[in-house]
Number of protein chains: 2
Amino acid sequence: MHINQKEFEDRIDKFKEILKRSGIKLTHQRLEIYEEVARSVDHPDAETIFKGVRKRMPTVSLDTVYRTLWMLLDLGIITTLGTNHRKTRFDANVKGHHHFVCSNCGKTLDFYSREFDQLKIPNTMKMIGDVQKTQVIIEGICKQCQKKKNNY
Amino acid sequence: MHINQKEFEDRIDKFKEILKRSGIKLTHQRLEIYEEVARSVDHPDAETIFKGVRKRMPTVSLDTVYRTLWMLLDLGIITTLGTNHRKTRFDANVKGHHHFVCSNCGKTLDFYSREFDQLKIPNTMKMIGDVQKTQVIIEGICKQCQKKKNNY
DNA sequence: CTGACTGCAAAGGGTTTGCAGTGCT
DNA sequence: AGCACTGCAAACCCTTTGCAGTCAG
């Protein structure tokens, strides 16, 4: 499943601009890798991104994928989700959003909620630290896993 | 930092009861390992738990710690937090609670909020899956990391 | 041109597994 | 006494690193 073309192109433009502004070289590998993440909507892990990129660029190496992903994270162009079963998963959606995580298969889906975006932060939080962002994680069983279980 | 004695003893009792009910043997290792997690309040990783247990039981092995932790997770006696820097972190607090995560050092602190416990789940969620629990994650910089940065 | 970048191969670090011996119930 | 459980060591898997050659600006 992919995102729409307009959003995709916006992401690519922003990516190029940030690289230029940061004095980082725009290589074929980097573009392909970011495109792969920017196109996706399902929080792929490094291996999945690697396989996707390799279809179009058979010589990329997995370590370049890693190096690029951490660089993109550093630049704030992508984010990571809490690791699932040892693999880090990446997300090109940097707008505020929330996650549904399937406790059976680990699949993670984005969702948006005005209400959740505006949660009031408890006062006690001031004692703990400086808040940067707030996210709601809803855990449950996704539709697909429900169906599988019903088959038994 | 430790939790209070009453809560600790309650946790141990429940642990013993669940093991017995599940027909799982109560070994010294298992008790020591669970005690180590049950005593903690700071979401230790497997290695940290291992070191703690080894003080009292110098012959335990790291793999027994892992085997026990996954077993406890399976039984629902503990939970895990999204992996931080490849290490899985464990939590004996199975009551509904929320987390503050330091985006600098990864430290995770529990906090409680009546309001967050009662969040209204969006209707669109019905299309996605069956909700089991809802958790709020607040990301920011913890007090200690703030101090460190001020020293530069 | 030239320093940043890449691919390769090998190392690293957390976690898992097979096996033979041990110890709960 | 029997079978689940443990410790050991080696394997596994994701990720990182050193190095020599390559390419974007």
Side-chain angles (χ1 to χ4, degrees), chain A residues 15-37 43-75 77-78 80-90 106, chain B residues 15-37 43-75 77-78 80-90 106:
Chain A
F15 159 77
K16 290 183 180 171
E17 189 198 318
I18 292 180
L19 253 60
K20 181 175 287 183
R21 203 191 316 149
S22 310
I24 293 173
K25 288 182 182 166
L26 174 58
T27 61
H28 291 149
Q29 289 88 334
R30 285 174 177 168
L31 182 57
E32 288 287 356
I33 291 165
Y34 180 64
E35 280 187 4
E36 190 66 27
V37 185
H43 319 290
D45 56 40
E47 183 93 25
T48 307
I49 295 164
F50 172 56
K51 283 180 186 160
V53 172
R54 209 169 39 174
K55 282 182 199 155
R56 263 160 281 115
M57 185 183 253
T59 61
V60 264
S61 64
L62 182 56
D63 45 53
T64 297
V65 171
Y66 275 109
R67 278 189 281 231
T68 303
L69 289 171
W70 298 135
M71 183 204 77
L72 294 173
L73 179 64
D74 228 45
L75 294 171
I77 305 176
I78 62 174
T80 55
L81 317 191
T83 310
N84 214 263
H85 208 256
R86 287 210 252 159
K87 297 178 182 175
T88 306
R89 311 177 97 223
F90 300 86
Chain B
F15 159 78
K16 290 183 178 171
E17 189 199 318
I18 294 180
L19 252 60
K20 181 175 287 184
R21 202 188 323 149
S22 311
I24 293 173
K25 288 179 181 167
L26 174 59
T27 61
H28 291 149
Q29 287 88 334
R30 285 175 179 166
L31 181 57
E32 287 287 355
I33 291 164
Y34 179 64
E35 279 187 5
E36 189 67 26
V37 186
H43 319 290
D45 58 38
E47 184 91 25
T48 307
I49 296 164
F50 172 56
K51 282 179 186 159
V53 173
R54 210 170 38 174
K55 280 183 201 154
R56 262 159 282 116
M57 183 183 254
T59 60
V60 262
S61 64
L62 182 56
D63 45 47
T64 297
V65 172
Y66 275 111
R67 278 188 282 233
T68 303
L69 290 171
W70 298 135
M71 183 202 78
L72 295 173
L73 179 65
D74 228 44
L75 293 172
I77 305 176
I78 62 173
T80 56
L81 316 190
T83 312
N84 214 262
H85 209 254
R86 289 211 251 156
K87 298 180 182 177
T88 306
R89 312 176 98 225
F90 300 87

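Order of the sequence lines sets the chain letters (A, B, ...), proteins ahead of strands, with each chain counted from 1. What you see below is based on every heavy atom in this structure, not just the backbone, and it leaves out hydrogens, waters and symmetry mates.
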field: Between C1' of D/dC23 and CG of A/L31, the distance in whole Å
entry: 15 Å
- request: Choose from D/dC5, C/dG14, D/dT16 the nucleotide whose nearest atom is closest to any side-chain atom of B/K87.
  value: C/dG14
- request: Check the distance between D/dG25's P and A/K20's NZ and give it to me in whole angstrom.
  value: 8 Å
task: Rounded off to whole Å, could you give me the CZ-to-P distance for the B/F50 and C/dT16 pair?
output: 15 Å
message: A/R89: which residues meet the salt bridge (Lys or Arg N to Asp or Glu O under 4.0 Å) condition with it, sequence neighbours left out?
response: none
query: How is B/R67 classified with respect to the nucleic acid when contacts are heavy atoms under 4.0 Å: base, sugar-phosphate, or nothing?
result: base
For atom CG of B/L69 and atom P of D/dT6, their distance in whole Å: 12 Å
- request: Could you tell me which residues satisfy side chain to side chain contact (heavy atoms under 4.5 Å, CB included) with B/K51, sequence neighbours excluded, listed by chain and number?
  value: B/E47, B/R54
message: Applying salt bridge (Lys or Arg N to Asp or Glu O under 4.0 Å), can you list everything that pairs with B/R30, at least two apart in sequence or on another chain?
response: none
field: Residue pair A/T68 / A/V65, side-chain heavy-atom distance below 4.5 Å
entry: no
query: What residue pairs, at least two apart or across chains, pass salt bridge (Lys or Arg N to Asp or Glu O under 4.0 Å) with a residue in residues 16-27 of chain A?
result: A/E17-A/R21
- line: Within residues 54-63 of chain B, the residues having a heavy atom closer than 4.0 Å to DNA chain D are B/T59, B/V60, B/S61, B/D63
statement: A/E32 atom CD is separated from C/dG7 atom P, nearest whole Å, by 12 Å
Partners passing ring-ring contact (aromatic ring centres under 6.0 Å, His included) against A/F50 (at least two apart in sequence or in another chain): none
query: Listed by chain and number, what are the salt bridge (Lys or Arg N to Asp or Glu O under 4.0 Å) partners of A/R86, not counting sequence neighbours?
result: none
- request: Only counting residues at least two apart or in another chain, list the ones meeting salt bridge (Lys or Arg N to Asp or Glu O under 4.0 Å) with A/E35.
  value: none
- request: Report the distance from atom CG of A/D45 to atom P of D/dC13, rounded to the nearest whole Å.
  value: 14 Å
message: In the structure I gave you, are the side-chain heavy atoms of A/F15 and A/L75 within less than 4.5 Å of one another anywhere?
response: no
task: Measure from CH2 on B/W70 to P on D/dC5 and round the result to the nearest Å.
output: 18 Å
With the criterion being N/O to N/O and under 3.5 Å, what pairs connect the protein with nucleotides 22-25 of chain C, and how long is each?
unit_1, atom_1, unit_2, atom_2, d
C/dC24, O2, B/K25, NZ, 3.4
C/dT25, OP1, B/L26, N, 3.2

message: Nearest whole Å is fine: how far is D/dT16 C1' from B/R86 CZ?
response: 7 Å
